[in-house]
Asker: 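Once you've had a glance at the structure underneath, I'll fire off some questions.
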Protein chains: 2
Amino acid sequence: MLTEERYATILRILEEKKAVTVLDLTQALGASESTVRRDLAALHKSGRLYKVYGGATSLDNSYSSAEEDMKTKNDLFPEEKIAIARKAAGLIKPKDFVYLDAGTTTLHLIDFLTETSAVFVTNGMQHAARLSAKGFKVFIIGGAVKAVTEAVVGTEAMESLKNYNFTKGFFGTNGISPKSGFSTPDADEGTIKSAALLRCKEAFVLADRSKFNKISPITFAHLSSATIITGRLEDKKYRDYTTVIEGE
Amino acid sequence: MLTEERYATILRILEEKKAVTVLDLTQALGASESTVRRDLAALHKSGRLYKVYGGATSLDNSYSSAEEDMKTKNDLFPEEKIAIARKAAGLIKPKDFVYLDAGTTTLHLIDFLTETSAVFVTNGMQHAARLSAKGFKVFIIGGAVKAVTEAVVGTEAMESLKNYNFTKGFFGTNGISPKSGFSTPDADEGTIKSAALLRCKEAFVLADRSKFNKISPITFAHLSSATIITGRLEDKKYRDYTTVIEGE
DNA sequence: TAAAGTCCGTCAAAGTCAATCAAAGACACG
DNA sequence: CGTGTCTTTGATTGACTTTGACGGACTTTA
């Protein structure tokens with residue numbers, strides 16, 4: 001089999017399956033492991049696939065590595081997060097102009113969107129990419145990109161926000177407490193959350209049970225300034241401070 | 001068997017199978033290895049097939065069926081694009097403040113970056129994600145996200161640009177011609193390119209051979225306003241209009 | 001942390017290449 | 001018909017490229 005034929009076969013398989021192991025390829029090509037590795041190295045070098053540990057992936061999952069990073073975070077209460085995201089997605093109506101905060105819970109929200117006439121603004125790069133892929137009109141906030149979360153923060157981001165007046169905003173949080181309100185560990189992200197929240201007619205904070213009665217270093221809003229969406233509210237006292245929507 | 005008959009047979013087989021080995025052809029033609037090699041060399045020289053190690057492949061590399069814009073573009077001159085990207089990456093020095101235009105060639109550039117003290121600004125979401133993953137300090141331009149290319153465009157993007165003064169800028173292009181300069185098919189992207197280029201102390205346009213003597217609808221810069229980085233310059237006249245850097 | 005799996009460099013063997021050369025055929029000319 | 005010239009062909013050669021195996025280093029997983 002010619003080298004070019006092997007290349008073509010590898011790319012064809014990748015196009016179909018998006019990812020493939022070296023072992024699979026040795027069998028599909030009838031070539032040795034060495035040869036497959038060399039092929040992958042060549043195709044990687046010429047930019048036609050991504051080489052990853054154990055095999056290769058197609059080019060179009062350019063966010064895959066970052067998503068993996070975030071998925072680890074996802075493990076905490078996945079079912080609850082999903083339920084919350086679904087509930088929140090249901091709140092979005094036609095013609096809404098929606099701010100979507102970076103974070104895993106709000107990322108899930110996108111999967112449940114059906115309303116296509118809404119317009120989105122976000123500071124999450126993955127959020128923007130996914131919304132765009134789903135056909136929504138989406139704007140991204142400009143500014144510095146934070147490495148781990150791929151959220152946009154900083155003074156430029158603050159400037160960008162000034163131009164918008166949102167009908168609804170959806171936010172993640174790390175801590176909720178009566179005294180400290182909604183809080184987050186990162187000062188930059190906190191500043192953005194705070195500024196964005198002020199520009200929303202209605203603001204919603206998405207939080208699973210693990211977030212209640214926790215305090216993170218930076219408070220970005222008082223409890224009264226946003227409606228909480230959660231799975232099942234264990235500590236009823238929060239109803240005294242703000243509206244709470246419970247998922248199924 | 002006549003020479004022309006052999007040529008015809010080889011081309012017919014190739015059309016059908018897309019790739020063939022020398023050995024196969026010696027049997028199909030009843031000719032010696034030497035003759036087959038000579039035939040392939042002649043057909044290669046006259047541009048009717050590609051000679052590869054071990055045999056030959058047909059010209060229409062329709063191995064990969066019709067794909068998205070980005071991917072088909074990628075296939076055109078992958079090796080040259082890589083060489084150009086490597087060359088361009090080498091130009092980035094410590095402390096540079098770099099604008100990186102959205103597009104496939106500039107995306108490849110990221111793979112060759114070694115200088116970690118440089119700071120980047122980009123309007124490509126994939127670019128931002130990848131730069132961030134590699135540990136660079138990166139800012140993304142705010143604005144509307146274009147679905148297909150995942151580039152950020154629009155008036156907000158223009159506003160964002162006003163704050164920056166770049167030491168170097170790297171741009172893609174769709175057409176290069178003496179009269180129409182650098183041109184692109186999309187008006188929004190053209191506007192951004194144009195605005196970003198004006199804010200660069202040094203501007204570089206990355207272009208493979210297929211871009212020369214082509215004109216796209218929207219001109220975003222004159223030839224004199226940027227240095228061209230290409231693989232091998234076929235049309236020497238461009239040296240009269242601006243600086244040209246050739247890759248290996 | 002140990003075991004399994006994966007990666008990459010090195011090496012020898014197999015395969016492939018281009019150059020060279022002599023033989024065979026084509027063809028014109030005397 | 002024989003001769004010389006030119007072209008095409010197939011064999012041979014040494015140089016080069018690709019391949020698969022192996023071992024040590026590294027990474028992932030349990």
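The analysis underlying the following values was restricted to heavy atoms, covering all of them including side chains, and did not include hydrogens, waters or symmetry mates. Each chain gets a letter, A, B and so on, in the order its sequence line appears, and its residues count up from 1.
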Asker: Is the cationic atom of A:Lys193 (NZ for Lys, CZ for Arg) positioned less than 6.0 Å from the six-membered ring centroid of A:Phe171 and within 45 degrees of its normal?
Answerer: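 That pair does not qualify as a cation-pi contact.
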Asker: Between B:Lys237 and B:Asn213, is any side-chain donor less than 3.5 angstrom from a side-chain acceptor?
Answerer: yes
Asker: Can you check nucleotides 4-13 of chain C for protein contacts, nitrogen or oxygen pairs under 3.5 Å, and list what you find?
Answerer:
from  : atom 1 : to      : atom 2 : distance (Å)
C:dG5 : N2     : A:Tyr53 : OH     : 2.6
C:dT6 : O4'    : A:Tyr53 : OH     : 3.2
C:dT6 : O3'    : A:Gly54 : N      : 3.1
C:dC7 : OP1    : A:Val52 : O      : 3.3
C:dC7 : OP1    : A:Gly54 : N      : 2.4
C:dC7 : OP2    : A:Arg37 : NH1    : 2.1
C:dC7 : OP2    : A:Arg37 : NH2    : 3.1
C:dC7 : O5'    : A:Arg37 : NH1    : 3.2
C:dC8 : OP2    : A:Lys51 : NZ     : 3.3

Asker: Which heavy atom in B:Thr3 sits nearest to a heavy atom in B:Asp39, and how many Å separate them?
Answerer: CG2-OD1, 4.4 Å
Asker: Apply side chain to side chain donor-acceptor pair (under 3.5 Å) to B:Ser32 and B:Thr35, showing your working.
Answerer: CA-CA 5 Å; B:Ser32 73; B:Thr35 302; 3.1 Å; yes
Asker: Which is more 5' along DNA chain D, the nucleotide nearest B:Asp39 or the one nearest A:Ser32? Just name the residue.
Answerer: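 It is B:Asp39, whose closest nucleotide lies nearer the 5' terminus.
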Asker: Would you mind telling me which of B:Tyr99, B:Phe182, B:Phe170 makes a ring-ring contact (aromatic ring centres under 6.0 Å, His included) with B:Phe204?
Answerer: B:Phe170
Asker: Assign each of A:Thr35 and B:Ala31 to its nearest nucleotide of DNA chain D by heavy atoms, then name whichever residue's nucleotide is nearer the 5' end.
Answerer: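 Result: B:Ala31.
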Asker: Would you mind listing every salt bridge (charged side-chain N to carboxylate O under 4.0 Å, His left out) that reaches into residues 19-35 of chain B, with sequence neighbours excluded?
Answerer: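 Listed once each, the pairs are B:Glu33-B:Arg37.
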Asker: Reading DNA chain D from 5' to 3', where do the contacts with chain A start and stop? Cut-off is 4.0 Å to heavy atoms.
Answerer: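 Contact span on the strand: D:dT19 to D:dT28.
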Asker: Taking all atoms of both residues into account, what is the closest heavy-atom pair of B:Ser58 and B:Leu14, and its distance?
Answerer: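 Closest heavy-atom pair between B:Ser58 and B:Leu14: N-CD2, 3.7 Å.
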Asker: To the nearest angstrom, how far is A:Leu2 atom CG from C:dG15 atom P?
Answerer: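 So the CG-P distance, A:Leu2 to C:dG15, works out to 15 Å.
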Asker: Any chance you could measure B:Lys18, atom NZ, to A:Glu4, atom CD, to the nearest 0.5 Å?
Answerer: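 Here the rounded value is 14.5 Å.
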